[in-house]
Amino acid sequence: MKKFLRVSVLLLFALTLLFGVASADEITVATTTSTVDTGLLDYLIPIFKEDTGIDLKYIYAGTGKALEYARNGDADAVLVHAKSLEMQFIDEGYGLDRKEVMYNNFYIIGPADDPAGIKGLESASEAFTKIAETESLFVSRGDNSGTHVKELLIWDEAGIAPEGDWYIEAAAGIGPTLLMANEKRGYALADNSTYLSYTFDDKIDLEVMVEGDPILFNQYSVITVNPETIDTVNYEGAKAFLEWITSEKGQQLIADYKKFDTQLFYPNAE
């Protein structure tokens, strides 16, 4: 019997090495850059561990890339913000449970001298039109992220296909994109949580030019990866994360997270 148990343990250990079987007490969440650049996830992780006993690790990139990580079996859940890409992920059979978690809003930001004359406009598409007409520098993320998807939606609403020397693609997360826009004194689209976080930390001095247009609403959702499609996924751990972050406690923690007494995300799970 002892010999049988010894062989079983060795076999399990070998399988773990060969196939990278994840611990039942550990999950990996693929997420967008803003939840990391603002410090929100690092704030939530130890509390999630204390409440559930589950270690949470994360990998982050733009929403499109984060969903690719999950398609490749590198994540058990995703926390992202581009509904069109999310629904495609579910329709393809990769996503199972989806719940909306929190929101913030996008800003169009730019240098104080405002060469395109857009400050105070109420329409995001009108602002983009003026930026294009004046060929004022615009720094796009260009990475199929939620922010990039939203930016393309605004260009489409304006009836403009952005191109030319004035339009630069950073192909990077929101943090590096903001730093590039700041250095080049250009305009950019940014979620207000990351913008405020970088402003409070004195990393950038760009100003808010346009806010409040309904198209600038920014919804975040969590989706578990379908175990019938990715058989190595820790579905139970992922479901525990979804239920925890949308619980009354998880939602209150999101509401309580602030920088310089400013709330960065607004919970809205139902």
Side-chain angles (χ1 to χ4, degrees), residues 8-36 40-103 144-146 149 218-254 257 265 267-270:
S8 296
V9 170
L10 289 173
L11 180 59
L12 178 60
F13 179 68
L15 287 172
T16 300
L17 291 177
L18 281 171
F19 299 109
V21 177
S23 166
D25 297 329
E26 177 184 304
I27 62 168
T28 298
V29 175
T31 187
T32 186
T33 55
S34 56
T35 62
V36 176
L40 176 68
L41 262 185
D42 287 327
Y43 154 74
L44 293 175
I45 285 173
I47 308 171
F48 175 67
K49 166 71 173 180
E50 184 178 338
D51 287 352
T52 65
I54 300 171
D55 285 311
L56 189 155
K57 298 182 177 179
Y58 60 76
I59 47 179
Y60 67 109
T63 289
K65 186 66 175 177
L67 292 170
E68 274 307 307
Y69 287 144
R71 287 186 178 93
N72 293 333
D74 296 326
D76 304 297
V78 296
L79 176 59
V80 291
H81 66 132
K83 188 172 182 179
S84 60
L85 299 182
E86 294 165 27
M87 299 316 293
Q88 180 184 353
F89 180 72
I90 292 172
D91 291 343
E92 291 171 349
Y94 289 101
L96 188 57
D97 315 291
R98 176 184 179 274
K99 288 199 76 171
E100 295 182 344
V101 175
M102 60 190 183
Y103 71 93
N144 199 32
S145 63
V149 170
N218 184 27
Q219 177 68 53
Y220 291 79
S221 302
V222 62
I223 306 172
T224 60
V225 177
N226 190 343
E228 293 187 2
T229 305
I230 306 292
D231 59 10
T232 56
V233 73
N234 179 359
Y235 175 70
E236 294 304 321
K239 190 69 181 295
F241 173 65
L242 180 147
E243 291 175 350
W244 180 84
I245 200 169
T246 57
S247 70
E248 184 176 346
K249 180 175 182 178
Q251 294 284 282
Q252 188 62 52
L253 287 167
I254 291 170
Y257 183 66
F265 295 93
N268 66 343
E270 294 182 351

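Below, each value reflects all heavy atoms present in this structure, side chains not excepted, and no hydrogens, waters or symmetry copies.
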- Polar side-chain atom of T229 near backbone of G93 as donor-acceptor pair, under 3.5 Å: yes

- Item | Distance-only polar pair, side chains of E248 and Q252, donor-acceptor under 3.5 Å | no

- Note on the structure: The reported gap from NZ in K249 to CH2 in W244 (rounded to nearest 0.5 angstrom) is 7.0 Å

- Between I223 and R98, which heavy-atom pair has the shortest distance, and what is it? CG1-CG, 3.7 Å

- Task: For residues F265 and Y103, establish whether the separation of their ring centroids is below 6.0 Å.
- Result: no

- Message: side chain to side chain donor-acceptor pair (under 3.5 Å) for N72 and Y94? Distances and angles first, verdict last.
- Response: CA-CA 10 Å; N72 293 333; Y94 289 101; over 6 Å; no

- Task: Could you grab the distance from atom OG of S145 to atom CG of L67, nearest 0.5 Å is fine?
- Result: 11.5 Å

- Do the charged groups of K83 and E86 touch, with an N to O distance under 4.0 Å? no

- Query: Q251 and N268: side-chain donor and acceptor closer than 3.5 Å?
  - Reply: no

- Do Y220 and S34 pass the side chain to side chain donor-acceptor pair (under 3.5 Å) test, and can you show the C-alpha distance, the side-chain angles, and the key distance before you say yes or no? CA-CA 10 Å; Y220 291 79; S34 56; 2.8 Å; yes

- Step-by-step side chain to side chain contact (heavy atoms under 4.5 Å, CB included) determination, L96 to E228: CA-CA 9 Å; L96 188 57; E228 293 187 2; over 6 Å; no

- Item | Distance in Å, L41 CG paired with I45 CD1, rounded so as to fall on 0.5 Å steps | 5.5 Å

- Query: If you look at every heavy atom in S84 and V149, which pair is closest and at what distance?
  - Reply: OG-CG1, 4.1 Å

- Note on the structure: Between A30 and A66, the two heavy atoms sitting closest are CB-O, 3.5 Å

- Message: The test is side chain to side chain contact (heavy atoms under 4.5 Å, CB included); show your working for L44 and L253 and say whether it passes.
- Response: CA-CA 8 Å; L44 293 175; L253 287 167; 3.9 Å; yes

- Could you tell me whether F241 and F48 have their ring centroids closer than 6.0 angstrom? yes

- With the side chain counted from C-beta on, respond yes when F89 and R71 share a heavy-atom pair under 4.5 Å apart, and no when they do not. yes

- Query: Just by modelled atom types, is the G95 backbone N or O under 3.5 Å from a matching donor or acceptor in the N226 side chain?
  - Reply: no

- Message: With salt bridge (charged side-chain N to carboxylate O under 4.0 Å, His left out) as the criterion, how do E68 and K65 come out once you've worked through the C-alpha distance, each side chain's angles and the decisive distance to 0.1 Å?
- Response: CA-CA 5 Å; E68 274 307 307; K65 186 66 175 177; over 6 Å; no

- Is a side-chain N or O of N234 found less than 3.5 angstrom from the main chain of E26, in a donor-acceptor match? yes

- Query: Is the closest side-chain heavy-atom distance between V222 and V29 below 4.5 Å?
  - Reply: no

- Indicate yes or no for a side-chain donor-acceptor contact from T31 to the backbone of L79 under 3.5 Å, with no hydrogens or angles considered. yes

- If you look at every heavy atom in I54 and A240, which pair is closest and at what distance? CD1-CB, 3.9 Å

- Do other residues, nucleotides or ligands put more than 12 heavy atoms under 6.0 Å from the OH atom of Y60? no

- Verdict with supporting geometry, L85 and V80, side chain to side chain contact (heavy atoms under 4.5 Å, CB included): CA-CA 9 Å; L85 299 182; V80 291; over 6 Å; no

- Task: Any chance you could lay out the side chain to side chain contact (heavy atoms under 4.5 Å, CB included) test for M102 and L40, step after step, and finish with the verdict?
- Result: CA-CA 12 Å; M102 60 190 183; L40 176 68; 3.5 Å; yes

- Does the Q219 side chain pair with the main chain of H81, one donor and one acceptor, at a distance under 3.5 Å? no

- Here the gap from Y58 atom OH to T28 atom OG1, rounded to the nearest 0.5 Å, amounts to 12.0 Å

- Task: Kindly compute the distance separating CG (D97) from OG (S221), expressed to the nearest 0.5 Å.
- Result: 12.5 Å

- If you look at every heavy atom in A82 and T63, which pair is closest and at what distance? CB-CG2, 3.9 Å

- Item | Closest non-hydrogen atom pair, A70 against V225 | CB-CG2, 4.0 Å

- Item | Pairing of K99 and E243 as salt bridge, 4.0 angstrom limit | no

- Query: From L56 CG over to I27 CD1, what is the distance, rounded to the nearest 0.5 angstrom?
  - Reply: 4.0 Å

